[in-house]
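Below: the structure, in structure tokens.
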Protein chains: 2
Amino acid sequence: MTTGQGSAAEMPEELARALAGAEARCLRAGAQLTELRRQVLALVLEAEQPLGAYALLDRLKAQRPGAAPPTVYRALDFLLEQGLIHKVERLNAFVGCVEAGYDHGGGHDHHHPHQFLICRDCGVTVEISDPAVAHALADAAARVGFRVGNATVEVEGFCAACATRPPEAAGA
Amino acid sequence: MTTGQGSAAEMPEELARALAGAEARCLRAGAQLTELRRQVLALVLEAEQPLGAYALLDRLKAQRPGAAPPTVYRALDFLLEQGLIHKVERLNAFVGCVEAGYDHGGGHDHHHPHQFLICRDCGVTVEISDPAVAHALADAAARVGFRVGNATVEVEGFCAACATRPPEAAGA
DNA sequence: GGGGTTCAGTTACTATATAACACGCGGCGG
DNA sequence: CCGCCGCGTGTTATATAGTAACTGAACCCC
């Protein structure tokens, strides 16, 4: 609510740090975080909620009038590959990866297991990264001889705030 | 591979049984498994793989020339509500629920937790229903005060067959 | 028989995503 | 120097997925 997207002048430190981290990460991966890609990443990160490709496109057009669907989708593909953003399949929308900011050079480089909690009521989407879930999943998969690659885990339900405030009196 | 979809004449016992089970289930739920819905359900069940709404529409047109997108989507919505089919979000496609066939009158009525394993190589999609995964997920959610409703869990990776037969020699 | 509900037909449209081709730029070998 | 190639992007067109809104038929209930 507090962000005036009209002019892309403002640049909170947090965003700047995230972009710098992304840059470093791409460097390590031998990938180019070009101007376009940085712009799209910034748009995703600025938003507090998952944004659809076309919503991003609209915002992007402010800075890049000629932008078309492929413009956005190609950037998104890149960012997904680099693990800088995730796609929320249930929403056909994209969010910044909560872990992307940490520039911990070692261990895994990207594509950490993650899960989304999506509030049915207020729409808030939260990313968590629970090892137990990943483990249970890998376990279950292994039981049928399946080798886990990338997992999409998205839970719809009620966030803490909306769960306590019971919505609008059940009608049925 | 063995099903000739050209004419909808054939009706394996398995399919017939599944449809009968679905009928019984709807009866119990006070829902009507109409002709259209049965047709769409049959199409989903016949396919060995997830089918997109428009693929279903094409097939449906053989039996119902006037069919349009809403025709299929309304039937799919119904079947989803009844728990007779699931949607695979990553594929925008629909599959029959493996548990729908069991006409166990008691306990849960539908919407059991389930997970999909999708082979990156051959595309085979398998549904499993692992309580440990569901539990781990509910647990992780509870830890942040989130009440779990419906979970989408879809794992991409390699099925047993494709995992043993290493694909086409890794390049990188 | 009026009035509700449910289901399906129909038209039109919105939203999401990709194909295919063209161009500019930088590197590299002839 | 030139042609070629890989890459990122621009551009146009199109494919795929999903809904809105209105219509009418069938059924049930009173």
Side-chain angles (χ1 to χ4, degrees), chain A residues 22-23 26-27 29-41 43-44 49-82 84-95 123 152 154 171-172, chain B residues 22-23 26-27 29-44 49-82 84-95 152 154 171-172:
Chain A
E23 189 105 41
C26 287
L27 217 59
Q32 308 180 44
L33 187 61
T34 63
E35 176 63 10
L36 168 63
R37 290 163 177 174
R38 190 197 331 278
Q39 285 174 340
V40 172
L41 176 57
L43 289 172
V44 172
Q49 287 307 303
L51 283 186
Y54 283 73
L56 287 166
L57 176 55
D58 281 346
R59 287 160 165 73
L60 183 62
K61 278 179 178 164
Q63 310 161 43
R64 204 171 267 258
T71 314
V72 160
Y73 278 105
R74 287 193 285 230
L76 289 172
D77 284 346
F78 172 86
L79 297 170
L80 285 169
E81 265 176 30
Q82 299 306 316
L84 295 170
I85 64 174
H86 297 303
K87 178 171 186 185
V88 186
E89 297 284 349
R90 284 174 76 119
L91 305 177
N92 293 320
F94 303 84
V95 285
T152 297
E154 302 175 3
Chain B
E23 189 106 41
C26 287
L27 217 59
Q32 307 180 45
L33 186 62
T34 62
E35 176 64 10
L36 169 62
R37 291 164 177 173
R38 190 196 332 276
Q39 284 174 342
V40 172
L41 176 57
L43 288 173
V44 172
Q49 288 306 306
L51 282 186
Y54 282 70
L56 287 165
L57 177 55
D58 281 345
R59 288 161 165 71
L60 184 62
K61 278 179 179 162
Q63 310 162 41
R64 206 172 266 257
T71 313
V72 161
Y73 278 105
R74 287 194 286 230
L76 289 172
D77 284 346
F78 172 86
L79 298 170
L80 285 170
E81 267 177 27
Q82 299 305 316
L84 295 169
I85 65 174
H86 296 303
K87 178 171 186 183
V88 186
E89 298 285 348
R90 284 175 78 120
L91 307 176
N92 293 321
F94 302 85
V95 287
T152 296
E154 301 175 4

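Because the structure is predicted, anything quoted here is derived from the model rather than measured. Chain naming here is simple, since letters A, B, ... match the order of the sequence lines and numbering starts at 1 in each.
Ranked by how close their nearest DNA chain C nucleotide is to the 5' end, B:R64 and B:N92 are led by B:R64. Along DNA chain C, the nucleotide closest to A:F94 and the one closest to B:A67 are compared, and the more 5′ of them pairs with B:A67.
When side chains are defined from C-beta on, A:T34 does not count as touching A:F78, because their heavy atoms never get closer than 4.5 Å. When side chains are defined from C-beta on, B:V40 does not count as touching B:I85, because their heavy atoms never get closer than 4.5 Å. Between A:L84 and A:C26, the closest side-chain pair of non-hydrogen atoms falls below 4.5 Å. Counting heavy atoms from C-beta on, the side chains of B:E89 and A:E154 never come closer than 4.5 Å.
Partners of B:T71 according to the side-chain hydrogen bond (donor to acceptor under 3.5 Å, both in side chains) rule, which considers only residues two or more places apart in sequence or in another chain, do not exist here. Partners of A:A53 under the side-chain contact (heavy atoms from CB on, under 4.5 Å) rule, at least two apart in sequence or in another chain, are A:V72, A:Y73, A:L76, A:F94. Partners of A:R64 under the side-chain hydrogen bond (donor to acceptor under 3.5 Å, both in side chains) rule, at least two apart in sequence or in another chain, are A:Q39.
With a heavy-atom cut-off of 4.0 Å to chain A, the contacted part of DNA chain C has its first and last nucleotide at C:dT16 to C:dA20. Of all nucleotides in DNA chain D having an atom under 4.0 Å from a heavy atom of chain B, the first and last in 5' to 3' order are D:dA17 to D:dA21.
A salt bridge (charged side-chain N to carboxylate O under 4.0 Å, His left out) check over residues 31-40 of chain B, counting only residues at least two apart or in different chains, returns the pairs B:E23-B:R38, B:E35-B:R38.
DNA chain C is contacted by no residue of residues 49-57 of chain B, taking any non-hydrogen atom closer than 4.0 Å. DNA chain D lies under 4.0 Å from at least one heavy atom of each of the following residues of residues 68-75 of chain B: B:P69, B:P70, B:Y73, B:R74.
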- Message: Please determine whether side-chain contact (heavy atoms from CB on, under 4.5 Å) holds for the pair A:L36 and A:R74, giving the CA-CA distance in whole Å, both sets of side-chain angles, and the decisive distance to 0.1 Å.
- Response: CA-CA 10 Å; A:L36 168 63; A:R74 287 193 285 230; over 6 Å; no
- Task: Take B:V88 and B:T152, measure what side-chain contact (heavy atoms from CB on, under 4.5 Å) needs, and give me the verdict at the end.
- Result: CA-CA 8 Å; B:V88 186; B:T152 296; over 6 Å; no
- Stepwise, does the side-chain contact (heavy atoms from CB on, under 4.5 Å) test hold for A:L27 with A:Q32? CA-CA 7 Å; A:L27 217 59; A:Q32 308 180 44; over 6 Å; no
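The minimum heavy-atom distance between B:A93 and B:P50, with the atom names listed, is CB-CB, 3.5 Å. Nearest approach of A:V95 to A:Q49, heavy atoms of both residues: CG1-C, 4.3 Å.
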